[in-house]
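Worksheet: one structure, shown below.
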Protein chains: 2
Amino acid sequence: MNLVCATCPVRDRAACSVLDDNERENLARRGHHRTLEAGEVLFRAGEKVNSCATLTTGALKVTSIDADGQEHILALVHPAGFIGEFFQPFDDHEIVALTQSQVCLFNGPDIESAMDEYPALARALLRRAQEDLHASRSLLALAGKSDAQAQVAGLIMGFAQAASDSPCHPAQKFELPLSRADCANMLGLTIETVSRKITALEKMGAIVRTGKRGIELVDPAQLSDLAAG
Amino acid sequence: MNLVCATCPVRDRAACSVLDDNERENLARRGHHRTLEAGEVLFRAGEKVNSCATLTTGALKVTSIDADGQEHILALVHPAGFIGEFFQPFDDHEIVALTQSQVCLFNGPDIESAMDEYPALARALLRRAQEDLHASRSLLALAGKSDAQAQVAGLIMGFAQAASDSPCHPAQKFELPLSRADCANMLGLTIETVSRKITALEKMGAIVRTGKRGIELVDPAQLSDLAAG
DNA sequence: CGGTGTCTTGAAGTCCGTCAATCCCCGTGG
DNA sequence: CCACGGGGATTGACGGACTTCAAGACACCG
């Protein structure tokens, strides 16, 4: 499907938003849409990936498959996020849709030539890469904590921030974007431990659960304290 | 001290290597050298950092200080590595020298205007950022393993790769760049556990220790197996 | 020779992982 | 409508792995 940028939900936030309408139109002619169902794989591990993508709707996860077959979640991708590595195309990461998602796909060489043509695009991608790096390091700090309670509390706070409109205040009520299995996977814990810690958070009055995935923050300060602990 | 690129040990590998001699000379006029002693801090957490740097000799660590005062190592920086985030200058990371080190320091705005002037520089920094991202995710995968033996084995393999000249074969004999405390910090373990696991690796014949930090790989295949497990 | 810092080794305790049973929610089909 | 079944989530009991606490070994330096 051809790209129609005029109606793109991330046209003001994605990397391509630094281009003017004409430039964007030129780029759009070289890309196309793709819809992914939940669980569908965008880039498979071990394949030589020579394309890249911007996520417009939905959510993706970046995982690595260890030598022993264990999956590990390395990052989440939100709308306007960019996926693609130009310089080492043999990638050992796998990109999987968490929910039904839509991406703008481009061939690597097309984006590279577009960067030559429009230097602002390279700057925008640099910015995205640095943001991704920051997010990755935040996750590293979280996963490195020795206390499981702190990890789970921190993860919930992170999701609350991500679910919020404002960048400084967490959402008070939101849905976890991940299953327990995926939460456990991000933190290097087991499903059971995550479940137990969430239960503990509810028992001590920091949160209230609504349904499987729903979370309501009752005492964010307590949650932050636990995340620090 | 003014920069003298002609004798720079990373002149062929750093981000600025994409510039020609004249361009590099222009950039060099806006930067200066700084020497750091082991343990000295380059950028302190909580400060508004508005400068960036390329490491020419030595080694740095990137750490985050948690709310509870715990330090966590997020990344190591090797010569030719770049440090600096342009887009969110309030950084909660701290950059510390592991050994005596030398850096090329630049003001953020100077680098930004240089990127405008020389688009190749933005491309080069994008490449570095993506490499850093990849390294960060590799560390995340390592730190996320549930088995301490696998983590330590993987860390040693990683250091062996980094110490090697060739990118595909690990060095057979090398020095650990980090103290036990820093190793433990990277993996989210304790000093004692790291020490015990290294001892175990030696007892099972995978490695031999020489002095405090020296490692000799006796059975790299076994080490890789353990790292996978 | 004593002091300090780093590393190692040992013993006891705690937290998390493993295994297993159960529950809950939903969709399916009799 | 209710029974059945499957996937995800919760809960419990137990064992093992790592942490904690403490002591000792080793090198380096005054």
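To find a chain, count down the sequence lines: A is the first, B the second, and so on, and within it residues start at 1.
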So which one's nearest nucleotide on DNA chain D is more toward 5', B:Asp147 or A:Arg213? A:Arg213
Taking atom [atom2] of [N] as reference, at what distance in whole Å does atom [atom1] of [X] sit?
{"X": "A:Arg180", "N": "D:dT11", "atom1": "CZ", "atom2": "P", "answer": "10 Å"}
{"X": "B:Arg209", "N": "C:dT6", "atom1": "CZ", "atom2": "P", "answer": "17 Å"}
{"X": "B:Leu187", "N": "D:dT19", "atom1": "CG", "atom2": "P", "answer": "10 Å"}
{"X": "A:Leu176", "N": "D:dG8", "atom1": "CG", "atom2": "P", "answer": "15 Å"}
{"X": "A:Ile198", "N": "D:dG8", "atom1": "CD1", "atom2": "C1'", "answer": "13 Å"}
{"X": "B:Glu192", "N": "D:dA17", "atom1": "CD", "atom2": "P", "answer": "18 Å"}
{"X": "A:Lys197", "N": "C:dG17", "atom1": "NZ", "atom2": "C1'", "answer": "12 Å"}
{"X": "B:Leu189", "N": "D:dA17", "atom1": "CG", "atom2": "P", "answer": "14 Å"}

Can you identify which nucleotide, out of [options], has its nearest atom closest to the [X] side chain?
{"X": "B:Ser195", "options": "D:dC18, C:dT8, D:dT11", "value": "C:dT8"}
{"X": "B:Ile191", "options": "D:dA9, D:dT10, C:dT8", "value": "C:dT8"}
{"X": "A:Arg196", "options": "D:dA9, C:dT18, C:dG10", "value": "C:dT18"}
{"X": "B:Thr199", "options": "C:dT9, D:dT20, C:dC16", "value": "C:dT9"}

Counting distance only, does the side-chain N/O of B:Ser164 pair as donor-acceptor with the main-chain N or O of B:His169 below 3.5 Å? yes
B:Gln151 side chain to B:Lys145 backbone, donor-acceptor under 3.5 Å: yes
Phosphate OP1/OP2 of D:dT19: any B:Thr190 side-chain N/O under 4.0 Å: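 Yes, because at least one side-chain N or O of B:Thr190 sits under 4.0 Å from OP1 or OP2 of D:dT19.
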Is there a side chain to side chain contact (heavy atoms under 4.5 Å, CB included) between B:Ser101 and B:Leu60? Walk through the geometry before answering. CA-CA 8 Å; B:Ser101 303; B:Leu60 311 178; 4.0 Å; yes
So which heavy atom on A:Lys197 is nearest to which on A:Ala148, and how close?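 In terms of heavy atoms, the two residues are closest at CE-CB, 4.0 Å.
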Please determine if A:Arg127 and A:Glu131 form a salt bridge, counting it only when a charged side-chain N lies under 4.0 Å from a carboxylate O.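 A salt bridge is present here (some side-chain N lies under 4.0 Å from a carboxylate O).
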Could you tell me whether B:Thr193 contacts a base, only the sugar-phosphate backbone, or nothing, with contacts defined as non-hydrogen atoms closer than 4.0 Å? base
